[in-house]
Trainee: 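Before I ask anything, let me first share the structure, which is written out below as C-alpha cells.
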Amino acid sequence: MSGRTDRMFSVESSPAIPEDIREVIEQFFRTYHHFKGARQFQTDTFIKEVFYATKQDPKDQRSIEEMEAYIQRKNVHRLRLKSYVIDEYLRIGEKVCMIGVTREFSNAHRNRVLYFIIQEDGVWRFHHIVRSLHGKILEKFQVKEQMGFVVGDDKVALLFLTHADSADATSFILGDYVHMEGFLEVEQEVSGQLFYRVVRMNRVH
C-alpha cells in the first residue's frame, strides 16, 4: 500500500533543496492524510494555524493535542491529495526556508501554497502555511504600528496586517487589485478577530 501511495505523488527534482530538508518535506506529504502522523514535522504554531483556519473561531482555546485530534477528524472528510510539485525554494536564513508547492486534489482542484520550514532543536519542521488570495483592497486602515488591508470581493474577504512602515503599507491603496500571500496569525490577536500576516503582496494588472 505504501508503495502505491508514494507513486501517487510527483515531486519536482528542482529547485535544488538540501537533502535533510527534502527528506522532511517528503515525510510531511507522505503522512498528509494522517495529520497526527506528521506531528514530529510540525511546530505547535503550524498546528494552531491549521486548526484556526479550519475552525474559524479565535475564542476556541484547546490544547495542541485537542487541536490535532480535531484536524485529524476533519481530514477524514477532506479531498485527498493526489500530487504535489515543489516549484519554489528560498533560503531565508540559517534556520528558516520557504517552499512553494502546487497541490492537486482528488477532484482535480489545484491550488498553490507557501510553507515556511524552520529548524527547531536541530530538526526541520513546518512552521507556517501561507495562503494566497486575489482580490480588491476593500478597506485600508492603521491600528497603532500595523497597517490593515481587507482584501477580497462580495463573496469572501480576509483581513491582512503588515507593519505600517513597510513598503506594502505605503505602496497600495484602496481599490487596487492585488495578489496577497499571508499566514494566519495565531500568536497575537486583534480584538479577537482572525487575521493574516502579509508575506508578499503584488498588484495585479
Side-chain angles (χ1 to χ4, degrees), residues 10 12 14-15 17 25 29 32 45-46 48-58 74 78-79 81-93 96-118 126-205:
S10 58
E12 201 72 15
S14 62
I17 300 173
I25 294 168
F29 282 106
Y32 188 84
T45 297
F46 185 85
K48 287 180 187 177
E49 285 179 25
V50 175
F51 173 77
Y52 285 114
T54 306
K55 190 75 163 48
Q56 291 293 311
D57 181 5
K74 282 287 182 184
R78 286 177 61 192
L79 294 171
L81 183 68
K82 186 178 171 187
S83 67
Y84 69 100
V85 176
I86 300 167
D87 52 35
E88 183 178 5
Y89 170 74
L90 183 64
R91 192 66 176 253
I92 298 169
V96 185
C97 68
M98 185 182 79
I99 59 170
V101 182
T102 297
R103 308 179 301 181
E104 183 179 358
F105 295 89
S106 51
N107 66 345
H109 171 71
R110 298 176 78 212
N111 69 7
R112 187 177 187 276
V113 295
L114 303 175
Y115 292 101
F116 278 89
I117 304 172
I118 68 167
F126 281 68
H127 188 55
H128 291 307
I129 178 169
V130 178
R131 303 184 186 275
S132 299
L133 177 72
H134 283 83
K136 189 179 285 188
I137 298 177
L138 304 173
E139 292 180 49
K140 181 180 178 180
F141 56 90
Q142 190 161 347
V143 184
K144 298 182 180 176
E145 73 283 359
Q146 302 289 320
M147 186 63 73
F149 297 93
V150 177
V151 177
D153 54 31
D154 55 357
K155 295 188 185 72
V156 62
L158 298 176
L159 171 61
F160 290 84
L161 288 188
T162 190
H163 198 278
D165 291 336
S166 73
D168 291 336
T170 56
S171 302
F172 297 92
I173 60 171
L174 207 63
D176 279 348
Y177 192 68
V178 294
H179 175 227
M180 301 290 292
E181 292 177 303
F183 60 83
L184 194 60
E185 179 62 77
V186 294
E187 305 301 334
Q188 174 189 340
E189 283 186 26
V190 176
S191 66
Q193 187 173 3
L194 294 172
F195 69 91
Y196 289 78
R197 178 71 57 195
V198 174
V199 173
R200 292 192 299 210
M201 188 172 175
N202 300 293
R203 190 174 279 106
V204 178
H205 298 289

Trainee: For residues 131-142, dump all side-chain donor-acceptor pairs below 3.5 Å to protein atoms at least two apart in sequence or in another chain.
Mentor:
residue : atom : partner : partner atom : Å
K140    : NZ   : A169    : O            : 2.6
K140    : NZ   : F172    : O            : 2.6
Q142    : NE2  : K144    : O            : 3.0

Trainee: Can you find a heavy atom in the side chain of V96 that is under 4.5 Å from one in the side chain of I118?
Mentor: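 V96 vs I118: side chains touch.
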
Trainee: Answer yes or no: is there a side-chain heavy-atom contact under 4.5 Å between Y196 and M180?
Mentor: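 Result no, sub-4.5 Å side-chain heavy-atom pair not found.
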
Trainee: Roughly how far, to the nearest 0.5 Å, is the OH atom of Y52 from the CG atom of L184?
Mentor: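 The distance works out to 9.5 Å.
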
Trainee: Just wondering, do F105 and N111 contact through their side chains at under 4.5 Å, heavy atoms?
Mentor: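 Yes, close enough: below the 4.5 Å cut-off.
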
Trainee: A side-chain contact here means heavy atoms from C-beta on lying under 4.5 Å apart; do F116 and V199 qualify?
Mentor: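 A side-chain contact exists here, since the closest heavy-atom pair is under 4.5 Å.
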
Trainee: Counting C-beta onward and ignoring hydrogens, is there a side-chain heavy-atom pair between F46 and H127 closer than 4.5 Å?
Mentor: no

Trainee: Taking side chain as C-beta onward, heavy atoms only, is V186 less than 4.5 Å from F51?
Mentor: no

Trainee: Check whether any side-chain heavy atom of R112 sits under 4.5 Å from a side-chain heavy atom of D87, and report yes or no.
Mentor: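 A side-chain contact under 4.5 Å exists here.
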
Trainee: With R197, which of H163, Q146, E187 fulfils side chain to side chain donor-acceptor pair (under 3.5 Å)?
Mentor: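 Of the listed options, the one satisfying the test is Q146.
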
Trainee: Does some side-chain heavy atom of S106 sit less than 4.5 Å from a side-chain heavy atom of K82?
Mentor: no

Trainee: Are the side chain of D153 and the backbone N or O of K155 linked by a donor-acceptor pair below 3.5 Å?
Mentor: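 Confirmed, D153 side chain pairs with K155 backbone.
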
Trainee: For A167, does its backbone N or O pair with a side-chain atom of T170 as donor and acceptor, under 3.5 Å?
Mentor: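 Present.
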
Trainee: In this structure, are over 12 heavy atoms from other groups packed under 6.0 Å from R200 atom CZ?
Mentor: yes

